[in-house]
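Remarks on the structure that follows.
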Amino acid sequence: MSYVIPPAAPAAVPVAGGGEFPVHRIYCVGRNYADHAVEMGFTGREPPFFFMKPADAIVAVPEGTTGSIDYPSLTANLHHEIELVVAIGKGGRNIAAADAASHIWGYAVGLDMTRRDLQNEMKKQGRPWCIGKAFEQSAPIGTLVPLAQTGELLQGAITLAVNGQVKQRGDLRELIWSVNETIEQLSAAWALQPGDLIFTGTPAGVGAVVRGDVMQGAIAGLGTLKVAVA
C-alpha cells in the first residue's frame, strides 16, 4: 500500500517477558467504585457507562522505569485516576460474563489522567467529555502481565501515591461492575477486538497534580507504574 503521508507508529504496551501488545481501542468505565461515585456526587449501582480515549493517548512505561507526561494545555486542574487495565486477546460480540475471562489476554496498571475543570464544564453543559479525558498522554500504562501468569484478578490492593504520599487506596473486589460484567456490557454495544484495552474505573481519592509531581500506582500482582509530570 502506498500512503500519501507517513503513517503514525502504532500504539503498543510492553509485555512482561518480552514483546509488545498492539493497541486497537481504549474503553473506559465511568464511576465504577462506589466511594469514587460518592466523591463525584453520585450514589448507588447505576448502569455502567463508557467513554473512549484514542490509542495514541498511551504512554507506555516499562516496569522499573519512570515515565513522563507533559502538563496538558487549557487546564489548571489535572487529576490522577489509578485503574486496573484489561487487555483483550480474543474479540467478540455479546460475550457472556461467564465466558469473559477467556477473552482476556492480560492486565496492567494504568492512569486515566483527566482535565477535571474541562470535564466538569462539559458536564454542566451536557456536552461530551472528550476534551477532559481524551487528550494526548492521558493514558499512561505499565507493563502488561499475561492472564496465564496472574490468573483472574478478582481482588487485590490498588493504590496511587503522589510524591510518596498515598492518595488513592482501594481493592479490586470493590468494583461496582466486575471485569467480566464490564466485558459483557461493552460487547453488547461494540464488537470487541484483539488489542482493545479496558480501563475499569478508579477508587476514591482522585486529586490534582502539578508540574514536578511523581505518581506511583500499584496493583497487587502487577507491579508498579511510575510517572512524572513534566
Side-chain angles (χ1 to χ4, degrees), residues 8-24 26-28 53-72 78-89 104-114 135-173 175 179 194-203 205-230:
V13 179
V15 171
E20 291 189 310
F21 183 89
V23 179
H24 179 242
I26 302 174
Y27 299 97
C28 304
K53 292 176 181 277
D56 62 3
I58 288 289
V59 178
V61 184
E63 181 71 29
T65 69
T66 301
S68 178
I69 60 172
D70 297 321
Y71 196 94
L78 177 66
H79 276 208
H80 55 74
E81 296 190 11
I82 184 70
E83 309 206 3
L84 171 69
V85 181
V86 177
I88 298 297
I104 298 172
W105 194 92
Y107 304 97
V109 185
L111 282 165
D112 168 19
M113 302 303 297
T114 303
F135 53 94
E136 298 92 339
Q137 301 182 336
S138 63
I141 187 170
T143 296
L144 185 62
V145 183
L147 174 71
Q149 182 175 325
T150 64
E152 278 193 78
L153 293 183
L154 305 177
Q155 61 183 18
I158 175 171
T159 61
L160 188 282
V162 179
N163 302 328
Q165 183 177 357
V166 175
K167 299 292 186 179
Q168 293 186 261
R169 188 191 304 275
D171 193 286
L172 299 180
R173 65 165 63 93
L175 283 166
V179 168
D196 287 345
L197 298 179
I198 305 170
F199 281 62
T200 58
T202 194
V206 300
V209 290
V210 298
R211 292 175 179 86
D213 283 347
V214 177
M215 302 171 286
Q216 182 159 316
I219 297 176
L222 294 180
T224 60
L225 168 63
K226 192 173 183 180
V227 180
V229 184

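Fair warning: this is a prediction, and the values are worked out from it, not measured in the lab.
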Do [X] and [Y] have side chains that get closer than 4.5 Å, going by heavy atoms?
{"X": "Ile58", "Y": "Leu197", "answer": "yes"}
{"X": "Thr66", "Y": "Val61", "answer": "no"}
{"X": "Leu84", "Y": "Val179", "answer": "yes"}
{"X": "Val214", "Y": "Val227", "answer": "no"}
{"X": "Val229", "Y": "Met215", "answer": "yes"}
{"X": "Pro14", "Y": "Pro62", "answer": "yes"}
{"X": "Pro72", "Y": "Leu78", "answer": "yes"}
{"X": "Thr114", "Y": "Glu81", "answer": "yes"}

Gln168 side chain to Thr159 side chain, donor-acceptor N/O pair below 3.5 angstrom: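 Gln168 vs Thr159: no donor-acceptor pair found between side chains.
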Return the minimal non-hydrogen interatomic distance between [X] and [Y], and the atom names on each side.
{"X": "Ala60", "Y": "Ala12", "value": "CB-O, 3.7 Å"}
{"X": "Pro203", "Y": "Gly170", "value": "CB-CA, 4.2 Å"}
{"X": "Phe199", "Y": "Ala139", "value": "CZ-CB, 3.9 Å"}
{"X": "Gly106", "Y": "Leu144", "value": "C-CD1, 3.7 Å"}
{"X": "Gln155", "Y": "Arg173", "value": "OE1-NH2, 2.8 Å"}
{"X": "Ala55", "Y": "Val23", "value": "CB-CG1, 3.9 Å"}

To the nearest 0.5 Å, what is the distance between [atom1] on [X] and [atom2] on [Y]?
{"X": "Ile88", "Y": "Ile198", "atom1": "CD1", "atom2": "CD1", "value": "4.0 Å"}
{"X": "Thr143", "Y": "Phe21", "atom1": "OG1", "atom2": "CZ", "value": "13.5 Å"}
{"X": "His80", "Y": "Asp112", "atom1": "NE2", "atom2": "CG", "value": "12.0 Å"}
{"X": "Ile158", "Y": "Leu175", "atom1": "CD1", "atom2": "CG", "value": "7.5 Å"}
{"X": "Leu160", "Y": "Glu83", "atom1": "CG", "atom2": "CD", "value": "10.5 Å"}

Full working for side chain to side chain contact (heavy atoms under 4.5 Å, CB included) between Thr200 and Val86: CA-CA 7 Å; Thr200 58; Val86 177; 3.8 Å; yes
Asp70 bridged to Arg211 by N-O distance under 4.0 Å: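 Result for this pair is no, no salt bridge flagged.
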side-chain contact (heavy atoms from CB on, under 4.5 Å) against Thr150, all qualifying residues, sequence neighbours excluded: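 Once residues adjacent in sequence are excluded, the partners of Thr150 under the side-chain contact (heavy atoms from CB on, under 4.5 Å) criterion are Tyr107, Val145, Leu147, Leu153, Leu222.
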Whether Glu63 side chain and Thr224 backbone form a donor-acceptor pair below 3.5 Å: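 Yes: the side chain of Glu63 pairs with the backbone of Thr224.
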Donor-acceptor pair, side chain of Thr202 and main chain of Ile82, under 3.5 angstrom: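 Yes; judged by distance alone, with no hydrogens or angles, the pair exists.
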Whether over 12 other heavy atoms sit under 6.0 Å from Lys53 NZ: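 For Lys53, atom NZ is crowded (more than 12 foreign heavy atoms under 6.0 Å).
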Over 12 non-hydrogen atoms of neighbours within 6.0 angstrom of CD in Glu136: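 No, not enclosed.
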Test log, rule side chain to side chain contact (heavy atoms under 4.5 Å, CB included), inputs Ile219 and Leu172: CA-CA 9 Å; Ile219 297 176; Leu172 299 180; 4.0 Å; yes
Gln137 and its side-chain contact (heavy atoms from CB on, under 4.5 Å) partner, picked from Val59, Asp56, Leu111: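 Exactly one candidate clears the test, Val59.
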